[in-house]
Amino acid sequence: MTLLEVSDLTTVFHLPTGDIRAVNRVSFTLQKGEVMGIVGESGSGKSVTARSLMRMVRHPGEIVSGKVLLNGVDLLTLPENEMRTIRGRQIAMVFQDPQATLNPVHTIGAQISEALIVHGASKDDARKRALELLAQVGIPNPESSYERYPHELSGGMRQRVVIAIALANKAELLIADEPTTALDVTIQAQILQLLLQLRDSLGISIIMITHDMGVIAEICDKTLVMYGGRVVESGKVSEIFNKPLHPYTAALLSTVPRISSDRSEELVAIPGSPPDPANLPKGCTFSPRCSFAESACMNSVPNLIQISESGYSACFVREKELNIDFRPSVSRKKKREKQIGSDSILSVSDVFVDVGSKRKGLFGSKSPAVNAVAGLSLEIKPGETLGLVGESGCGKSTLSRAIVGINRFTAGKCVIAGRDVTQMSGDNRQWVSSNVQYVFQDPFASLNPRRTIAQSIGEALTVAGVAASDVEKRAAALMERVGLDPKYLDRFPYAFSGGQRQRIGIARALAANPKILILDEPVSALDVSIQAQIINLLQELRDDLGLAFLFIAHDLSVVRHLSDRVAVMYLGKIVEIGSADDIYDNPKHPYTKALLASSPEPEVNQKKDMSPALQGSIPSPAQPPSGCRFRSRCPIGPLHVANRSICETQEPGFESINDAHMAACHFLLESKK
Amino acid sequence: MIFSSIAVFLLPRLAPGDPALAIAGGDATEEAIAEIRETLGLDRSLVEQYWVWITGVFRGDFGDSYLYRLPVSELISGRFQSTIELAVSATIFLIIFGVGMGVLGGTTRSRKVKSVLDVVVSFLLSTPPFLIGIVLIILLGVVWQVLPISGEVNFIDDPATGFKYLLLPSFALSLSSSAVVARLIQTQMISVRGEDFVDLAKAKGVPPSRIAFRHVLRNSLGASIVAVGLQVGHLLSGTIIIESLFARNGLGSLTINAVLTRDYLVLQAVVLFAIAIAIAIQLISEILLAALDPRVRLGSE
Amino acid sequence: MKSRAASRYLQAFKTPVGLISTLSIVALTSLAFLAPVIFPNGYDQQSANSLLGPSLKNPLGTDDLGRDIFTRVVYGLRSDLTLVYIAVPISLVIGTFLGLIGMISNFLGNLSMRLMDFIIGFPALILAISITVVLGTGFTALLVSIIILGTPGVARLARSTMLEQEQREYVIAARVLGISKWKILFRHILPNIMDPLIAQGAILVVVAIFIESGMSIIGLGLQPPAPSLGVLLNNSMRFIIEYPTFVIGPVVALVSLTLAFGKLADALNATVVRK
Amino acid sequence: TPARADEALVVAGPSDPQLGSLFAFRAGNYPWIWGVFEPLIKIDEKGKVQPNVASRWTLSSNKLTMTLFLKRGITFHNGKKLTAEDVKYSIEQAALATNGSQLGFIARSFASVDAVTDGKLVINFGAPTSNIFDLLSIMPIMPKNSYPETKLGKTVIGSGPFTWESWTPGAQVVIKKYPKYRDAARINLSQITVRIITNASAQLTALKSGAIDLAFGLSTVDAYALRNDANYKLIYAGGAIVPLGLDTSKAPFNNIKVRQAVGYAIDKNRINKQVFSDTGLETSLFWAPRESGYPKALQDAYTYNPTKAKALIAEAGAAGAEFDLQTLNLPANAALVEIVANNLRDIGLKPNVRVLDVTAWDAKQVAGDIANAFIPYHGQYGLNAATLLNSLATLRVEKGTTKFATAEYVKLRNAVAAAATSGAKEKALNNLSKFMVEQAFAMPIVMAPSMFVHSKKLTGVEFGELGHTFWNSAKLG
Ligand SMILES: Nc1ncnc2c1ncn2[C@@H]1O[C@H](COP(=O)(O)OP(=O)(O)OP(=O)(O)O)[C@@H](O)[C@H]1O
Ligand SMILES: Nc1ncnc2c1ncn2[C@@H]1O[C@H](COP(=O)(O)OP(=O)(O)OP(=O)(O)O)[C@@H](O)[C@H]1O
Ligand SMILES: [Mg+2]
Ligand SMILES: [Mg+2]
């Protein structure tokens with residue numbers, strides 16, 4: 001039965017500089033109980049579509065045309081006060097950032113109850129129902145949790161509360177706008193599973209917005225692919241993933257690395273970058289980046305045409321050649337063999353980093369040590385790439401910042417290129433900066449907006465000791481090295497896209513001719529189509545220049561693609577380390593296994609078991625659990641298996657599985673799934 | 001605080017002239033002045049004078065006014081009520097006008113209301129309080145004679161009349177501060193309006209008025225409290241001019257007089273007192289802030 | 001770099017509020033500093049014709065000593081603007097220095113903040129009066145009072161933006177590159193905190209004019225016969241009931257000046273600083 | 001007629017009472033002092049001495065002994081009888097330097113003071129003291145040994161028609177009718193509240209809004225503006241001497257020509273009009289016209305004559321001379337100095353004007369060193385010439401601010417003080433005045449009366465020569 005029918009929905013933002021057509025003639029239908037994905041890159045109009053359905057487009061946006069029929073009623077023509085009764089009762093919404101979507105000054109219970117009270121429930125009834133909902137979304141101790149404030153809950157728990165609010169009035173349609181993007185994979189798995197459970201038990205329909213093909217593959221029945229404000233393809237997930245009907249979908253699918261994919265080849269990158277919605281290309285919005293584009297594509301816009309029973313595509317090429325396979329067939333460059341040295345160029349042993357703020361509080365108490373890194377050792381050899389993975393907050397950034405001297409090691413030893421640089425002073429600082437450089441996560445924040453690219457890179461060259469007369473030449477060379485035109489040197493950062501800025505960040509890091517690059521999530525802020533470009537660039541640089549990488553990332557598949565060895569970190573400690581193949585194919589530590597199990601893969605043919613591998617979230621480094629730090633969440637730990645008190649009392653040491661593969665667990669041999 | 005006390009002690013003593021002159025007057029002879037200086041203990045070394053004073057302060061004894069020959073604490077407590085009445089009523093008006101205008105500006109959709117408010121607030125912001133006071137005096141006290149403009153009546157003895165006497169000076173004192181508060185609350189509310197949780201509330205189906213108060217205003221209160229706290233400090237400083245304008249005998253006029261007559265001990269005590277009040281206000285606003293915002297509550301524990 | 005900074009500020013000046021306030025400031029400033037050209041005979045042309053009403057010769061009438069009020073208002077504007085154009089930049093420089101010193105030395109940073117706390121804790125007007133009594137009434141005392149009262153706000157703002165900037169990735173990137181603290185301060189932090197400081201400067205102008213007029217009202221303003229808006233206001237207050245026209249000139253000049261600077265601050269905050 | 005209960009008067013005083021300075025001239029004491037205390041004698045508007053606590057007095061023929069006879073039956077508010085001992089005590093207090101009396105020098109010059117009987121007091125002068133009545137008219141009589149207590153403000157005991165009821169510093173002084181006053185039946189007011197309103201315009205608004213019936217601290221302009229208002233009455237009483245003093249020890253005023261030029265440069269008439277609303281007396285003399293032997297001919301020795309002034313400056317070669325011109329921060333002086341500076345600029349001098357706050361000014365005045373030129377404010381208009389010569393820092397020889405102390409000057413001054421007969425006095429005063437006019441080291445500009453305004457409801461208030469108020473026959477309604 002059709003629940004929602006959207007046709008020709010168009011939303012425009014009226015800006016002083018001109019109108020932006022953020023959503024352009026979007027049409028789709030949604031059946032009861034169906035989970036539909038909307039996937040697309042940043043700025044493709046996903047969120048605006050969702051908000052348009054709710055009639056909650058922000059100023060200066062306006063829905064200029066279209067129909068949104070919910071159970072046959074056109075929502076766009078309802079008066080605002082009637083629309084208000086529909087919001088929260090028939091359509092509910094879950095937003096991206098659980099940190100910001102809950103009101104910090106009201107208890108979560110009050111916020112859930114409010115959703116009921118505004119739709120006519122009495123206070124008592126609202127409270128009862130709220131407690132029910134808290135239990136339903138899996139929040140422990142509903143009674144006491146009811147009185148808690150959002151900041152007292154972890155991100156995952158907060159997102160559950162938001163979902164509880166959405167479910168409060170038994171809405172038929174739940175719109176979830178990237179509900180897991182801000183969460184760790186382990187938590188994402190929990191939330192996705194919860195949504196599916198709810199769909200099954202309540203029979204609600206879900207619109208799932210995401211930019212992650214893996215998520216679509218995991219939970220959706222059908223999906224829309226959006227590009228530049230338009231739907232370019234829609235259809236059943238199983239069909240789209242096997243035989244995409246639009247070149248963009250195809251490119252998107254092949255650009256993401258997979259844990260299981262062939263790592264000997266470079267990634268397929270989509271050239272160029274996503275379109276600027278304020279300045280869309282004239283014809284098909286994808287045509288400038290499309291390898292199949294013909295002249296027709298440049299001049300007029302293709303309509304979304306039904307191709308199969310459920311498949312639609314907006315592509316002139318597909319219209320002509322019915323059987324065309326859009327998957328890239330170009331042979332990719334093979335990765336080169338590279339040299340890995342034998343002495344370590346970076347080694348840290350048993351280091352601690354205290355991030356406990358030393359600021360005095362209102363009553364002058366000194367805060368105790370918070371060891372975000374607590375007794376960690378690892379080493380990197382010249383030319384080697386060590387991947388570092390772990391949930392958010394486990395101390396990855398803290399470790400890398402301590403290596404370059406932004407944080408201080410409070411204990412342990414750090415040796416870089418044969419020199420002990422644990423104490424950062426004068427000469428050591430110099431030594432470190434000439435050997436180790438850093439590439440940051442956020443390309444928008446890592447460049448000074450007030451300085452031209454030439455100034456930023458020139459400054460780096462100058463401290464590296466390049467003579468003033470050579471600076472300009474070297475800067476130009478660096479720009480070319482990272483694939484940018486040297487004539488852009490005089491521009492300011494705002495003139496560049498995210499991917500280009502990240503290239504500039506890399507160029508600046510290379511200015512000092514370092515031997516090691518620390519890459520702190522260098523691609524997680526980028527669109528998937530750009531990610532591949534940067535990963536390929538990094539790979540090329542590494543192999544050409546013989547760099548060693550400390551590569552930090554959330555995305556396990558990206559890490560596998562790039563790394564020689566991988567270290568898995570949990571709450572300030574390494575729990576498992578080994579060659580990439582060992583870790584991914586033969587994980588030993590229960591945490592590693594859980595991480596791998598939680599990572600969604602853009603594969604529809606072999607759907608994974610969706611039961612989340614890990615419960616709860618990472619504890620605070622201020623109060624780490626005694627003994628094994630992982631025990632409070634460990635599926636084979638004392639909480640799940642009897643007689644494992646050793647985990648509470650004793651810290652596990654490393655046990656070698658093979659030469660390079662080690663893990664720290666009291667029960668390594670246990671092979672539970 | 002020790003640092004403040006030294007500064008407070010030294011600053012007025014740097015000025016030419018001393019209390020002996022204020023007592024004896026300009027026609028006196030140098031010998032007479034010297035004699036008075038001796039009886040007042042002003043001939044002793046600064047260190048000694050400071051020591052005598054500061055040890056007294058710790059015992060709760062602020063010394064005697066040179067000019068009035070009365071204990072400073074008595075002088076201050078005699079004037080205290082007047083200033084407190086003024087400050088408290090001005091604070092109340094500050095909150096009423098400031099929060100009122102701020103909330104109106106932060107919630108109204110009407111362009112007309114917004115621009116009228118903007119004009120009013122802008123003018124209040126660019127007019128010094130004493131000028132507002134003078135305008136009020138002329139309009140309401142002299143031209144129309146609706147409210148008393150001079151003097152005071154003890155509020156506790158006769159609340160109704162006391163209140164009438166308080167109205168104009170506290171208006172004059174609070175209006176420009178309330179514009180500051182209004183401006184702040186308005187911007188704060190507009191920025192809170194852009195927060196995601198407001199969207200969530202809307203998505204829940206919460207009506208606009210409830211969003212405005214339960215979500216937007218509630219989250220803007222913290223900033224308002226900080227703003228009000230700061231402005232109360234300014235109010236206290238502003239009492240100095242307003243009191244003399246409206247012929248009220250509070251601490252403000254005592255202070256000016258103390259500076260001009262070099263009545264050091266009075267000045268020292270008043271300033272210490274003012275600093276103590278400033279600290280108290282800050283503490284109060286922190287406590288209120290903690291009461292309002294659960295995040296702060298947790299942080300201070 | 002320059003052109004970009006200019007273009008950012010141009011944006012502020014493009015808004016109606018920004019444009020009008022900037023134009024008013026330019027107009028008032030040029031009027032004020034052209035005073036000696038417009039009125040070559042100076043502001044102290046006394047005559048027996050005191051307290052006249054407005055006329056063609058004396059558009060705002062004459063004061064108690066028979067001087068043309070309009071002339072004195074223009075010269076008064078000049079005094080005020082001279083005062084603020086000297087005091088405010090000095091305040092900004094000292095405040096910025098004290099706010100940023102924490103980046104070089106933690107100890108000095110804390111010390112300067114304690115000092116600022118102290119000044120803020122001190123009742124402003126009492127401080128200004130005490131300074132005036134110590135230094136003697138006049139331009140210097142006003143200047144010093146304004147600088148001392150204006151600096152803490154700047155210092156706190158500078159420090160808080162500096163602390164925030166210090167956490168920015170581009171600053172960290174510079175540190176990783178091994179760039180010295182001073183260079184980071186001047187190249188990366190300072191340019192990025194200029195905008196809020198400049199907006200604060202416009203607010204300081206308003207505060208400075210308030211201080212000047214407040215001090216004049218209690219008779220501690222400029223030395224006669226130099227006029228300032230506050231002095232004129234104080235003077236006209238004495239005749240407010242008998243000769244209410246006297247007060248119009250000083251009030252209009254004062255309020256339009258503070259209004260213009262206040263609105264300029266708004267415009268800057270809305271366009272330049274928000275970004 | 002018995003006093004009605006509602007005969008409670010509220011007036012505005014310019015500042016708090018200064019109980020430590022009861023023997024000095026202090027505006028804060030003027031409104032109430034002659035309510036609580038009584039002087040030995042009064043000087044009426046014509047300058048005639050009238051008996052008060054002293055019923056009569058005799059002066060020995062060598063002018064060196066004065067015998068005072070006290071009225072009988074005067075009691076202090078504490079019930080004790082007022083005796084010659086109390087008067088003696090009061091004279092001793094006036095003589096004490098620490099009590100700051102401007103006329104203390106007179107009391108200090110006495111050879112002895114003896115209380116012969118309860119009702120009779122004999123004063124032996126060291127030298128003839130023609131200005132004795134100045135002292136006696138401003139000296140409150142208080143019970144023996146009571147002054148230390150009085151200074152604390154809790155119990156203030158005098159013998160006047162009103163008793164000291166309460167004082168709230170900064171707020172008000174309340175005095176209540178003394179029922180056992182010898183003349184109690186004739187006292188109409190039941191109570192007088194002196195509200196302390198320091199701000200002059202606040203006094204005006206208080207008066208206009210009816211909150212007070214008499215204002216002691218109005219500015220000249222405000223007060224004068226009410227002169228034709230049917231609801232108010234303007235009173236001139238006492239006043240101030242506002243001279244221009246010149247430091248004769250430094251250039252350019254060590255040159256007599258320059259000093260005289262200054263005398264001709266000042267437009268007294270405009271000053272009188274614009275600063276004092278034409279209520280002042282433009283004069284070149286320090287003395288009040290009622291002073292016996294007043295040299296009327298010299299009153300207009302210096303009149304506005306810029307041409308002559310310029311010529312004198314040119315003669316002295318002082319054109320363009322730069323110097324400091326200072327005054328103290330009182331409304332009249334601040335305005336006046338502007339005109340003076342303007343006048344001086346007109347004749348080619350370059351004064352740098354500075355207005356000092358009162359205490360800073362006093363410090364300089366006491367030290368006897370102010371500036372090249374300065375404009376003080378002496379609130380002692382009407383006192384005896386012999387008194388003024390010593391009480392005004394501008395005219396003093398010792399630590400005088402003009403630093404003018406030639407032998408000739410000393411001689412002429414002494415002659416005035418010593419003049420025993422009115423003929424001698426006239427001659428001495430004439431000689432001195434001529435000399436002072438010629439030397440031009442201190443030039444009076446305007447004698448400005450103090451102005452008090454009261455509502456027409458209030459009648460019978462009597463103002464003493466300095467602005468002290470006698471309430472004995474005051475009446476409301
Ligand atoms: N408030 C707004 N004002 C102006 N333009 C807006 C506004 N909100 C969205 N847009 C425009 O609409 C376009 C689509 O935005 P939308 O938020 O729907 O993207 P999205 O697909 O959700 O991207 P993301 O993955 O970053 O969330 C944006 O590129 C932007 O230009
Ligand atoms: N300055 C700080 N003050 C207090 N706690 C801090 C500070 N910096 C980091 N922490 C804490 O240290 C822990 C580790 O933080 P870190 O940023 O190193 O994690 P991460 O692994 O890089 O996480 P992410 O994947 O989110 O980047 C976190 O719990 C964080 O809250
Ligand atoms: Mg979005
Ligand atoms: Mg990190």
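Please read these numbers as outputs of a predicted model, since none were measured by experiment. Letters go in sequence order (proteins before strands), and every chain restarts at 1.
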*Is any side-chain heavy atom of Arg67(C) closer than 4.5 Å to a side-chain heavy atom of Glu338(D)?*
yes
*asked:* If you count heavy atoms of other groups shown closer than 6.0 angstrom to NZ of Lys456(D), is the number above 12?
replied: yes
_Shortest non-hydrogen contact between Gly136(C) and Arg354(D), atoms and distance_ = CA-NH2, 3.7 Å
*Among the options Leu65(C), Asn235(C), Leu51(C), pick out the one with the most heavy-atom pairs lying under 4.5 Å from chain D.*
Leu65(C)
_Contact leader toward chain D among Ala48(C), Gly138(C), Ala226(C), where contacts are heavy-atom pairs under 4.5 Å_ = Ala48(C)
*Hey, does the side chain of Asn342(D) reach the backbone of Gln45(C) with a donor-acceptor pair shorter than 3.5 angstrom?*
no
*Is there any side-chain hydrogen bond (donor to acceptor under 3.5 Å, both in side chains) pair reaching into residues 121-148 of chain C, and which pairs are they, with sequence neighbours excluded?*
none
*asked:* Counting only heavy atoms not in Lys233(D) (residues, nucleotides, ligands), do more than 12 fall under 6.0 Å from its NZ?
replied: no
*When rounded to the nearest 0.5 angstrom, what distance separates CG in Asn343(D) from CD in Gln46(C)?*
7.0 Å
*So how far is it from Arg270(D) CZ to Ser50(C) OG, rounded to the nearest 0.5 Å?*
8.5 Å
_Those residues that, when tested against Phe139(C), pass ring-ring contact (aromatic ring centres under 6.0 Å, His included) (two or more places apart)_ = none
*Are side-chain heavy atoms of Leu220(C) and Asn329(D) found at a separation under 4.5 Å?*
yes
_With a 4.5 angstrom heavy-atom cut-off, is it the side chain or the backbone of Leu204(D) that approaches chain C, or both, or neither?_
side chain
*Side-chain touch Asp64(C)/Gln274(D), heavy atoms, less than 4.5 angstrom*: no
*If you look at every heavy atom in Pro224(C) and Val353(D), which pair is closest and at what distance?*
O-CB, 3.3 Å
